[in-house]
Structure formats: structure tokens, C-alpha cells
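In what follows, a structure is listed as C-alpha cells, so that the remarks can point back to it.
Numbers here are sequence positions counted from 1.
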Amino acid sequence: MNAWWSSLQPRERSVITVGAIVLIAFLILWLGLRPLFMQANSARQRVEEKSLLLADLRATAAEMGNRQAISAKMPTADESLVVIVDRSTRETGLAGALKRNQPAGTDQIRVRFENASFNQVMGWLGLLHSNYGIEIESAAFETTDQVGQVQASLTLQRGQP
């Protein structure tokens, strides 16, 4: 190797030396720093995802706070199911989707929603259960053309105390 190096012209040695330095620098950057940059990008993406999740959680917490405020307004007296359903759907924003509520005895009611937000219906059912002990006797959901919207037929029953 030394004999070969000695046989080269000074200009050739310079070109080979500069090329070796450039190659070594490239390898250091490619093999050493590239993984660091990739990890930094990955960490940046995770931070963005967590920020979006945090924003969603804050929005959900605010919505839950609103639901608790609504539920605090609702009395827990032994009212008729028709009155409870009517008032709670108006206060939770489901009144426009409520197409029918029909008593089925003293402790049951049949309810029909059309083009209602599935999440709102689920929240409303949770509210009825937690505040009034109203339980779902039967439920049928059908999807609509709009994402997140459903047709729902429910039979609700006042739970046993």
C-alpha cells in the first residue's frame, strides 16, 4: 500500500486525500447524524399527535363540564317519562332529531330519533341513566348517509329504585 502511495504524483495524492475526507464526512453524516435527525422528526411527530390528543381531551372535558351543568339543572323528582325526555332532549340539543316519543305504560316510553348524532344520543342516554335511573329496554340503530348520524328507535324504562 505504501509502495502504491509513493508511486502517485503529489496532485493524485491530494485528490485521493480530499476524496477520502469527503467520503469519511459523508459516512459520518449518513451513518451517525441521519438516525439522530430521524429520531428528532419522529419525536416531533409524536409531540404533534399528543398535542392533537390533548386538544381533543380538553374539548371532551369541556363538553363533559357542559353536560354536568345541564344535568345539575335537571331535577331528579319522580316526573313522567314524557316530560323528562322532552326537557332533556331540548337541553342536550337533540330536540330537532326527536321525531316521536310515545308512552308505553307508566314506566316505559318509546322514542324515535332521525338524523341524530350518535355521540349526542349516547351522551343523552348516559345522562338519563345517571340522573333518573332510566335504562334502555331495547334499542335499534340504523346508519344514514351522513357519517356519525343515525336513526334510532329506543324503548326506555324507569329503573327500579
Side-chain angles (χ1 to χ4, degrees), residues 22-161:
V22 168
L23 179 64
I24 289 171
F26 177 75
L27 289 175
I28 288 173
L29 288 174
W30 183 258
L31 299 176
L33 296 179
R34 184 172 178 262
L36 293 176
F37 288 130
M38 290 174 59
Q39 287 177 352
N41 285 337
S42 175
R44 198 173 301 119
Q45 287 176 344
R46 285 194 310 267
V47 167
E48 288 175 14
E49 290 171 2
K50 300 297 181 190
S51 295
L52 291 173
L53 179 60
L54 179 61
D56 286 345
L57 289 174
R58 285 184 177 154
T60 302
E63 184 179 328
M64 293 304 292
N66 290 341
R67 286 186 184 165
Q68 288 176 351
I70 290 170
S71 67
K73 294 180 201 171
M74 294 183 184
T76 57
D78 196 22
E79 298 176 284
S80 76
L81 289 174
V82 173
V83 172
I84 293 170
V85 166
D86 182 58
R87 183 180 56 245
S88 62
T89 55
R90 278 188 278 116
E91 291 181 352
T92 57
L94 283 170
L98 180 64
K99 298 303 176 192
R100 187 181 78 218
N101 63 346
Q102 176 183 12
T106 58
D107 287 340
Q108 283 191 342
I109 187 169
R110 289 186 191 99
V111 180
R112 172 80 179 158
F113 291 101
E114 293 181 6
N115 297 319
S117 165
F118 178 77
N119 291 340
Q120 277 186 308
V121 172
M122 291 296 107
W124 175 73
L125 289 170
L127 186 74
L128 290 179
H129 180 72
S130 64
N131 289 351
Y132 300 100
I134 296 173
E135 299 174 352
I136 302 169
E137 176 69 27
S138 65
F141 292 91
E142 300 171 26
T143 59
T144 65
D145 293 339
Q146 291 181 289
V147 175
Q149 301 287 314
V150 294
Q151 316 286 5
S153 296
L154 307 161
T155 302
L156 306 174
Q157 178 175 323
R158 191 180 304 268
Q160 303 302 322

*So do L94 and V121 actually touch side chain to side chain, heavy atoms under 4.5 Å?*
yes

*T89 versus F113: any side-chain heavy-atom pair under 4.5 Å?*
yes

Can you tell me how far [atom2] of [Y] sits from [atom1] of [X], rounded to the nearest 0.5 angstrom?
X: R110; Y: E137; atom1: CZ; atom2: CD; answer: 10.0 Å
X: E49; Y: R44; atom1: CD; atom2: CZ; answer: 13.5 Å
X: L53; Y: T60; atom1: CG; atom2: OG1; answer: 9.0 Å
X: L125; Y: L154; atom1: CG; atom2: CG; answer: 5.5 Å
X: Q149; Y: E142; atom1: CD; atom2: CD; answer: 14.0 Å
X: I134; Y: L156; atom1: CD1; atom2: CG; answer: 6.5 Å

*Please test W124 against S88 for side chain to side chain donor-acceptor pair (under 3.5 Å), starting from the C-alpha separation and ending with a verdict.*
CA-CA 8 Å; W124 175 73; S88 62; 2.7 Å; yes

*Using the side chain to side chain contact (heavy atoms under 4.5 Å, CB included) rule, pick out the option among T106, L128, L81 that qualifies with R158.*
L81

Check whether [X] reaches the backbone of [Y] with its side chain - one donor and one acceptor, N or O, closer than 3.5 Å.
X: Q120; Y: T92; value: yes
X: T144; Y: N115; value: no
X: Q157; Y: I109; value: no

*Taking S42 as the fixed residue, which of Q45, R46, Q39 is the one that meets the side-chain hydrogen bond (donor to acceptor under 3.5 Å, both in side chains) rule?*
R46

*Take E79 and R87 through the test salt bridge (Lys or Arg N to Asp or Glu O under 4.0 Å) and record every step on the way to the result.*
CA-CA 11 Å; E79 298 176 284; R87 183 180 56 245; 2.7 Å; yes

*Are Q108 and T155 close enough, and set up right, to give a side-chain contact (heavy atoms from CB on, under 4.5 Å), and what steps lead you there?*
CA-CA 7 Å; Q108 283 191 342; T155 302; 4.2 Å; yes

*So which heavy atom on W30 is nearest to which on P35, and how close?*
O-CD, 3.8 Å

*Please walk me through it: do S153 and R112 pass side chain to side chain donor-acceptor pair (under 3.5 Å)?*
CA-CA 5 Å; S153 296; R112 172 80 179 158; 2.8 Å; yes

